[in-house]
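Just below is one structure, and these are the notes that go with it.
Indexing begins at 1, ligand by ligand and atom by atom, following the structure's order. Predicted model only: the values in this text are computed from it and were never measured.
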Amino acid sequence: MGTQSDIKLIDENGLRLDGRKPGDLRPLKIQAGVLERADGSALIEWGGNKIIAAVYGPREAYPKHNQDINKAIVKARYNMAAFSVDERKRPGPDRRSIEISKVLSEALESSIMVEQFPRAQIDVFIEVIQADAGTRIAGLTASSVAIADAGIPMRDFVTGCTAGKVDGKVVLDLSKEEDNFGQADLPIAVLPRNNRIVLMQMDGDLTLEEFDQATSMIMGAIPRINEIQRSALSSRIKVQDSGGE
Ligand code: ADP
């Protein structure tokens with residue numbers, strides 16, 4: 001969260017820099033099956049974010065001492081390309097990407113029937129090609145489609161969205177400027193069938209009332225986002241049925 005407050009993020013009509021109302025989502029598009037070599041894949045374009053998720057597995061976990069005799073290990077690896085941000089990002093893992101990889105692995109694991117695949121590993125590669133705030137949630141939402149595309153049995157999708165506070169107002173789906181210069185950022189992901197929360201993080205401060213407002217904005221958007229995930233998958237299935245593109 002930035003500390004500068006000289007940038008006006010909400011105008012006198014209550015509209016945001018990109019013209020959205022507080023509860024509006026940025027444009028969101030998901031395409032499943034974008035990579036031929038992966039077992040499952042998806043491309044998400046959410047605002048200015050462009051992120052590819054590629055899934056491999058379940059396959060035997062390696063090295064063997066990492067194997068869990070009761071369930072598959074889910075290993076997500078989040079990476080931002082050096083050219084994904086304005087200033088070149090130093091390549092390779094850093095504290096932020098290691099943390100994001102961990103929370104995304106845990107969120108995805110709770111959606112997958114891991115107990116069906118003892119000793120196995122499911123690898124989820126999340127490559128941020130262009131970053132525009134909310135990449136962990138966009139990457140997670142795409143990964144869940146890629147896992148379904150791989151035919152891996154799931155309890156449900158993982159569907160996420162971010163809300164936050166800018167210019168003292170709670171808004172949905174922060175843009176990059178809002179993320180940089182706003183006062184709080186709250187990414188949440190759920191299993192939409194029962195709204196069980198599988199990821200929740202918060203950067204900055206919200207009052208209890210603002211927190212309630214932010215979570216209900218997110219919960220209100222989840223069915224729409226989940227619908228986009230589902231239709232990405234069903235159009236992929238239709239393409240396969242008709243013998244490819
Ligand atoms: P998220 O992308 O999940 O919102 P953060 O809140 O940590 O995660 O980051 C917000 C945004 O800040 C990112 O989406 C990206 O646009 C930008 N950003 C993050 N890390 C870097 C970096 N190392 N260099 C430049 N911009 C970055």
Which distance, rounded to the nearest 0.5 Å, do you find between the CG of D173 and the CD1 of I218?
-> 9.5 Å
When rounded to the nearest 0.5 angstrom, what is the spacing between CE in M217 and OG1 in T162?
-> 13.0 Å
For ligand 1, is K89 a contact, meaning one of its heavy atoms is under 4.0 Å away?
-> yes
Give the atom numbers and elements of ligand 1 that come within less than 4.0 Å of a heavy atom of [X].
{"X": "V85", "result": "24 (N), 25 (C), 26 (N), 27 (C)"}
{"X": "A131", "result": "15 (C), 16 (O)"}
{"X": "D185", "result": "6 (O)"}
{"X": "K176", "result": "16 (O)"}

Within the structure, does [X] bring an N/O atom to less than 3.5 angstrom of an N/O atom in ligand 1?
{"X": "I100", "answer": "no"}
{"X": "R136", "answer": "yes"}
{"X": "Y78", "answer": "no"}

Checking heavy atoms under 4.0 Å, the part of D179 that sits near ligand 1 is side chain
Ligand 1 versus R96, non-hydrogen atoms closer than 4.0 Å: side chain, backbone, both, neither?
-> side chain
Residues two or more places apart in sequence or in another chain: which of them pass side chain to side chain contact (heavy atoms under 4.5 Å, CB included) with P118?
-> none
Please tabulate, one pair per line, all N/O donor-acceptor pairs under 3.5 Å involving side-chain atoms of residues 187-195, not counting sequence neighbours.
unit_1: R193; atom_1: NH1; unit_2: R155; atom_2: O; d: 2.9
unit_1: N194; atom_1: OD1; unit_2: R196; atom_2: N; d: 3.0

Give the C-alpha distance, both sets of side-chain angles, the deciding distance and a yes or no for side chain to side chain contact (heavy atoms under 4.5 Å, CB included) between L108 and I122.
-> CA-CA 10 Å; L108 291 169; I122 297 166; over 6 Å; no
For Q130 and D132, does a side-chain donor sit closer than 3.5 Å to a side-chain acceptor?
-> no
Could you tell me whether the side chain of D18 and the main chain of R20 form a donor-acceptor pair under 3.5 Å?
-> yes
